[in-house]
Amino acid sequence: MNRVAARLSKAFVEQLSWEKDEPAWMREHRLRCLEIFERLPLPRFGPDLSALDLGDLTYYARPVAPVERLEDLPEDIRRTFQALGLPEAEQRALGGLRAQVDSEEVYRSLLRELRAKGVIFMSMEEAVREYPWVQEYFMKVIPPEDNKFAALHGAVWSGGTFIWVPEGVEVEIPLQAYYRMQTEGVGQFEHTLIIAERGSSLHYIEGCSAPRYSRMSLHSGMVEIVAKEGARVRFTTIQNWSKNVYNLNNKRAWAYAEARVDWVSGSLGSRVTMLYPTTVLLGPGARTENLSFTFAQEGMWLDTGARAIHRAPETSSRLVSRSVVQGRATSVFRGTIQVAPEARRAKGHMECSTLLLSPEARTETIPIIRAENEEVELGHEATVGRVSQEQLFYLMSRGLDEAQALSLIVNGFVSPILQEIPWEYALELRRLLEMSFAEAVA
Amino acid sequence: MTALAVRDLHVRVGDKVVLQGVDLELSSGVIHALMGPNGSGKSTLALALAGHPAYEVVRGQALLDGQDLLSLPPHERARAGLFVAFQHPPEVEGVKLREFLRLACAARGQGFCEFQKAFPQALERLHLTEFRERELHVGFSGGEKKRAELLQLYLLRPRVALLDEPDSGVDVDALRLIAEVIREMAEAGTAVLIITHYPRLLEHVPPSKVFVLLDGRIAGWGGPELAERISREGFEGVRR
Ligand SMILES: Nc1ncnc2c1ncn2[C@@H]1O[C@H](COP(=O)(O)OP(=O)(O)O)[C@@H](O)[C@H]1O
Ligand SMILES: [Mg+2]
């Protein structure tokens with residue numbers, strides 16, 4: 001199967017499962033998800049999805065064959081990866097790298113020492129074939145009933161990363177996956193499952209990009225993280241999808257006792273994004289930090305958020321968001337901190353700031369803080385600022401051009417989050433920001 | 001040598017033509033003063049020359065070292081060597097003084113190493129060492145803002161410096177410091193214009209030439225004695 005432009009149907013899902021040589025449980029799972037998908041309505045909140053035609057997507061595409069070495073990739077992909085600095089990062093800064101184009105993995109590497117420690121880093125379908133116990137986890141953190149796109153994902157998922165970190169193993173350098181949507185009108189549905197056993201640690205980084213087409217495409221990935229007792233997982237995503245991409249994701253983690261899960265999300269691209277990374281704090285002392293940076297530009301709607309669900313005593317959460325809105329764009333932040341009756345002495349803090357660069361820019365912050373016991377410490381702050389003509393003129397009167405002046409102001413505004421991102425990526429983010437200002441001003 | 005020549009400058013702000021034919025020449029290495037009552041258009045002159053979008057030049061000319069200034073966007077005027085110390089410098093949250101000045105110096109063609117050396121020296125000269133990592137003007141007192149403007153002047157070494165009320169809100173010690181820095185800059189060759197409605201600073205930096213702005217025009221000019229006369233008789237004397 002190289003490319004299936006066919007409509008979404010039971011026959012397509014069965015064929016996909018057959019081609020992937022999946023165990024019966026997965027085929028049944030897919031078909032059950034398809035039924036749920038057909039039953040569920042589109043999300044009743046957030047951005048307008050009416051221009052997204054689910055009947056007009058290519059649900060599977062495999063334009064590039066897998067290679068052993070990055071330099072063996074086709075010229076255009078190789079150049080893209082080079083421009084992104086992937087080969088260099090792999091040499092200097094990463095413990096492992098996976099690259100996926102459309103529906104399938106095209107490249108993978110993992111340091112020998114990590115392999116020797118028993119770390120598993122492979123494509124999701126390999127894991128499904130190889131390890132029957134994957135069934136205990138797959139779409140248990142996010143069940144298909146959760147929402148229409150979770151169900152769609154469950155039916156048609158392809159590719160994605162499986163990571164298993166054995167008990168006590170600390171993966172000190174990050175593992176990275178890179179997702180590229182190459183085919184016009186494609187849907188990309190990678191599934192990422194990370195299991196960090198007791199006392200282990202991992203930093204995983206995702207990058208995403210796509211060339212620009214006039215036809216809409218859909219990225220609907222799912223990330224499930226299970227951080228067992230005392231494990232630490234940090235999940236960083238930097239998304240720079242082109243402006244024809246609907247980016248509708250599901251990301252959720254379970255954090256057991258004393259575990260820590262951090263989400264760091266940089267959303268710079270896409271036409272529409274819906275992204276609300278969630279941590280369920282299941283065990284006493286579990287912690288989560290959720291740092292989100294969005295940059296909404298002309299015509300975009302970035303609907304993001306963060307959720308912390310406290311289900312155990314002495315759990316803590318910190319949700320921080322910085323949004324920059326330029327042109328006629330919309331940025332919405334939905335932050336939820338929910339504390340169950342048994343989560344005594346829970347602590348939660350939410351902090352959202354928005355910077356508007358134009359009079360037409362729209363923003364909204366929707367905090368929901370709900371505590372079902374009294375012994376909690378919860379806080380919330382929200383601010384909206386504007387870059388004034390006076391500030392811009394002042395900086396320009398000192399010799400900075402408009403793009404430099406804007407990116408200086410924006411860099412200052414987002415620095416609390418950039419500080420949390422590994423410096424190579426922070427640098428990349430800064431570069432992307434500067435580029436988009438240069439474009440916007442020109 | 002003439003560094004800045006302004007001829008027949010008319011500037012409109014909103015629906016009011018505030019400047020109605022200003023003529024002015026500033027010479028390199030010389031300290032000049034521009035005096036005029038509140039609302040006479042002094043800040044308008046400085047901001048229009050800097051290229052502020054709210055101040056529309058409807059007629060006239062401004063040449064910096066013979067180069068037409070008014071056709072350039074604001075940042076290129078700065079790169080050509082114009083500096084305006086603002087009467088009310090804005091606060092810019094999140095932008096570190098150091099980071100900002102590094103870019104500003106680079107825009108004036110100064111190398112990074114040069115900046116690394118000059119920045120701490122300039123901070124010390126203006127008694128601002130503890131402001132190194134502070135956000136630009138955020139939480140600065142009025143006087144601290146003025147010293148921060150002078151810090152920029154000191155680092156950027158412009159051809160022409162228009163200093164809009166560098167003395168307002170400044171205490172006596174800081175006033176002396178600001179006066180010294182202005183003199184140093186002039187000695188180094190900058191053409192300086194001190195804009196003020198109040199002659200206090202001019203006692204510390206006697207200007208070689210004083211212009212008086214009244215009703216949107218230069219109503220008179222003279223030597224240092226003109227500043228003294230204004231402090232005795234007010235602006236009405238000049239009008240007559
Ligand atoms: N941004 C502005 N918008 C509207 N009116 C302005 C603006 N700036 C200055 N003016 C008007 O122009 C005139 C001159 O102001 P200004 O140049 O600030 O005077 P000065 O600096 O001599 O006190 C005043 O009448 C003032 O109200
Ligand atoms: Mg003024």
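Throughout, protein chains are lettered first and strands after them, A, B, ... in sequence-line order, and every chain is numbered starting at 1.
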*Pair H137(B) and F86(B), ring centroids less than 6.0 Å apart*: no
*In terms of heavy-atom pairs under 4.5 Å with chain A, which of A107(B), A54(B), A80(B), P74(B) leads?*
P74(B)
*side-chain contact (heavy atoms from CB on, under 4.5 Å) evaluation trace for L355(A) with V325(A)*: CA-CA 6 Å; L355(A) 184 66; V325(A) 196; over 6 Å; no
*asked:* Which atoms of S397(A) are under 4.5 Å from chain B, going by heavy atoms: the side chain, the backbone, both sets, or neither?
replied: both
*asked:* Measuring only between side-chain heavy atoms, which start at C-beta, is R134(B) closer than 4.5 Å to K96(B)?
replied: no
*Part of L47(B) lying under 4.5 Å from any heavy atom of chain A*: both
_Region of E91(B) in contact with chain A, defined by heavy-atom distances below 4.5 Å_ = backbone
_Contact origin within L156(B) toward chain A - heavy atom pairs under 4.5 Å_ = side chain
*Any salt bridge between E99(B) and R102(B), counting N to O under 4.0 Å?*
yes
_Taking the six-membered ring of Y394(A) as reference, does the cationic atom of R398(A) (NZ for Lys, CZ for Arg) lie under 6.0 Å from its centre and within 45° of its axis?_
yes
*For the side chain to side chain contact (heavy atoms under 4.5 Å, CB included) test, which of T304(A), T294(A), V245(A), D303(A) pairs with T273(A)?*
T304(A)
*Taking G412(A), S415(A), G399(A), A405(A) one by one, which has the highest count of heavy-atom pairs under 4.5 Å against chain B?*
G399(A)
_Counting heavy-atom pairs closer than 4.5 Å to chain A, which one of R77(B), H52(B), E93(B) comes out on top?_
H52(B)
